[in-house]
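Worksheet: one structure, shown below.
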Protein chains: 2
Amino acid sequence: MDARSTASQSDRAVILLRELLLDGSCPAGTRLTELGLAPRLGVSRTPVRHALARLAHEGLLEELPRGGYRVRAFTVDEIWSAIELRGILEGSAARLAAERLTDATALAPLRRLLIELDHRLPRSLTDFVAYVQINDRFHREMWTLSGNRMLVATIEQVVRLPFAAPGALVFGDAEVAEARWTADLAQSQHQAIVEAIERREGARAEALAREHALIAWKNLQRALTNKALFARMPGAALVRVPFAV
Amino acid sequence: MDARSTASQSDRAVILLRELLLDGSCPAGTRLTELGLAPRLGVSRTPVRHALARLAHEGLLEELPRGGYRVRAFTVDEIWSAIELRGILEGSAARLAAERLTDATALAPLRRLLIELDHRLPRSLTDFVAYVQINDRFHREMWTLSGNRMLVATIEQVVRLPFAAPGALVFGDAEVAEARWTADLAQSQHQAIVEAIERREGARAEALAREHALIAWKNLQRALTNKALFARMPGAALVRVPFAV
DNA sequence: CACGTTCTGGATGTATACAAGTAGGTCGAT
DNA sequence: ATCGACCTACTTGTATACATCCAGAACGTG
């Protein structure tokens with residue numbers, strides 16, 4: 001069922017390389033060459049080339065002018081840009097969903113996910129995995145309700161960056177209390193967004209969804225005050241931080 | 001100086017294939033194979049493979065589940081989605097530019113382009129080429145002023161679609177009078193946007209820039225009422241139209 | 001000692017050979 | 001005549017050989 005079982009060498013190379021980047025095996029700034037990577041990924045240059053191009057497109061690598069790639073180093077400013085952009089896009093999606101809602105039955109899937117999120121408010125670390133999954137589906141459903149497929153595709157690309165994803169809510173096994181508080185806030189925003197869409201209050205839906213995205217920003221700021229917490233953040237190795245790593 | 005002179009085979013393949021798609025040599029729905037394309041583009045499979053992946057990423061091709069690619073057929077709805085999305089993004093860029101303007105000197109490049117546009121309001125067909133170029137630079141400068149690099153990158157990707165580009169103002173050699181009227185309207189909007197940014201009126205700048213994008217939509221609607229005009233639209237071959245081609 | 005030139009190492013770009021999987025057609029049997 | 005199985009042609013996935021280009025170091029010369 002998982003892609004790994006029947007995956008092509010290219011798919012494997014993409015997955016492996018992405019893991020190498022996110023877990024810090026290749027710190028930001030590292031230059032990556034096809035020939036150097038091929039033995040590490042266990043494939044020949046061709047799939048490596050494919051993987052490099054793909055991850056460059058995702059934004060995790062940057063192409064060097066004279067050939068080759070370098071592991072991207074994200075500044076805090078750039079992460080802010082990504083989160084702000086997600087706010088803009090999800091806000092617009094919520095507004096369009098509100099403006100274009102024709103009958104309330106179209107909201108049924110979103111409502112169902114909202115209820116499911118209510119039942120899954122995380123209490124322990126294992127809860128978080130399921131919670132983030134449902135949260136993801138809730139967001140995707142909202143995007144779809146916008147009725148603008150280009151917008152959906154664009155959001156999907158932005159949230160490929162680990163810092164910008166809707167699931168960038170919480171991380172780490174510590175601070176569960178704080179994480180739960182954050183989830184409660186997020187859930188109240190979810191409810192308000194659905195209500196605004198149902199009432200066709202486009203401006204309100206947009207403002208709420210835009211504000212909702214800022215949770216990721218607050219989490220990042222919190223992580224930046226705590227080295228241990230920061231180290232557990234997905235993709236932390238790619239962030240250029242004020243304090244030394 | 002032009003990329004063609006020193007371009008790699010891959011770059012040439014991308015450029016050639018894009019032209020084939022836009023000029024109608026490969027109508028929407030055509031299946032494209034690496035082996036079939038290689039002789040037509042005069043390169044081997046490797047650059048063709050690269051070109052196919054790249055144009056699929058641009059949105060002009062779609063990947064088939066069982067391998068291979070198909071030329072994308074755009075519905076009018078999808079084109080509307082792209083134009084609407086550009087409006088959202090450029091509107092946001094204008095708003096951010098207004099909100100973040102610190103000193104008026106930062107607006108100097110935009111002002112200079114505005115004046116240049118004034119002097120280049122198109123009167124003949126040859127004028128249009130220069131006008132569209134300056135218009136493009138004006139828009140790019142506005143995006144940059146947003147201070148959000150992710151936003152800029154996202155807009156750049158959206159406007160790769162020929163229908164969504166800011167230069168999708170006018171097309172064809174006929175209807176010059178109408179095209180000039182459109183350019184006049186666009187220019188008055190440009191002026192209003194710059195003024196709003198200068199006064200830090202973010203909401204106004206956003207509304208104006210969003211409305212500005214709709215010029216492309218009006219042009220499309222006009223083209224849809226006139227077969228001959230439609231045929232001259234860039235990328236017309238990729239559009240699934242109500243009337244038969 | 002400094003500067004220029006040359007050489008070498010390594011990187012990507014490109015082409016192609018080979019393998020594997022699939023769809024469609026054709027041939028045979030019932 | 002119809003249905004099933006086999007086979008063929010075509011396609012992509014992958015690896016690799018070769019060419020080319022650039023950077024950096026080393027060496028020679030002024």
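All values below come from the heavy atoms of this structure, side chains included, with hydrogens, waters and symmetry mates left out. Every chain is numbered from 1, with letters handed out A, B, ... down the list of sequences.
Ring pair H139(B)/H190(B) is perpendicular by interplanar angle, where above 60° counts as perpendicular and below 30° as parallel.
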Intermediate values then yes/no, side chain to side chain donor-acceptor pair (under 3.5 Å), T105(B) and D103(B): CA-CA 5 Å; T105(B) 65; D103(B) 64 308; 2.2 Å; yes
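Remark: R112(B) pairs with no residue by the side chain to side chain donor-acceptor pair (under 3.5 Å) rule, at least two apart or across chains.
Crowding of R160(B) atom CZ: a count of heavy atoms from other residues, nucleotides or ligands under 6.0 Å exceeding 12. No more than 12 heavy atoms of other residues, nucleotides or ligands shown are found within 6.0 angstrom of CZ on R54(A). Atom CZ of R100(B) is surrounded by more than 12 heavy atoms from other residues, nucleotides or ligands within 6.0 Å.
As judged by a 4.0 angstrom heavy-atom cut-off over every strand, G68(B) is placed among residues touching the sugar-phosphate backbone only.
Straight-line distance from the CG atom of L35(B) to the P atom of dA15(C): 13 Å, rounded to whole Å. Going from atom OH of Y69(A) over to atom C1' of dA11(C) covers 13 Å, rounded to whole Å. Between the P atom of dA11(C) and the CZ atom of R70(A) lies a distance of 16 Å, rounded to the nearest Å. Across the protein-nucleic acid pair, Q9(B) atom CD and dT16(C) atom P stand 11 Å apart, rounded to whole Å. L32(B) places its CG atom 18 Å from the P atom of dC10(D), with the value rounded to the nearest Å. Computed from coordinates, the E63(B) CD to dT11(D) C1' distance equals 14 Å when rounded to whole Å.
Side-chain atoms of S10(B) lie closest to dT14(C) of the nucleotides dT14(C), dT12(C), dT16(D).
Both the sub-6.0 Å distance and the 45° axial angle are not jointly satisfied by R140(A) relative to the ring of F138(A). Cation-pi geometry between R72(B) and F74(B) is satisfied (NZ or CZ under 6.0 Å from the ring centre, within 45° of the ring normal).
If you check residues 46-53 of chain B against DNA chain C, the residues with a heavy atom closer than 4.0 Å are T46(B), P47(B), listed by number.
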Are there any protein N/O atoms within less than 3.5 Å of an N/O atom in nucleotides 17-23 of chain C, and if so, which ones and at what distance?
| from | atom 1 | to | atom 2 | distance (Å) |
| --- | --- | --- | --- | --- |
| dA23(C) | OP1 | R66(B) | NE | 2.6 |

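In this structure, Q157(B) contributes its side chain and T154(B) its backbone to no donor-acceptor pair below 3.5 Å.
Nearer to the 5' terminus of DNA chain D, by closest-nucleotide assignment, is the contact made by G36(B) (compared with the other of V43(A) and G36(B)).
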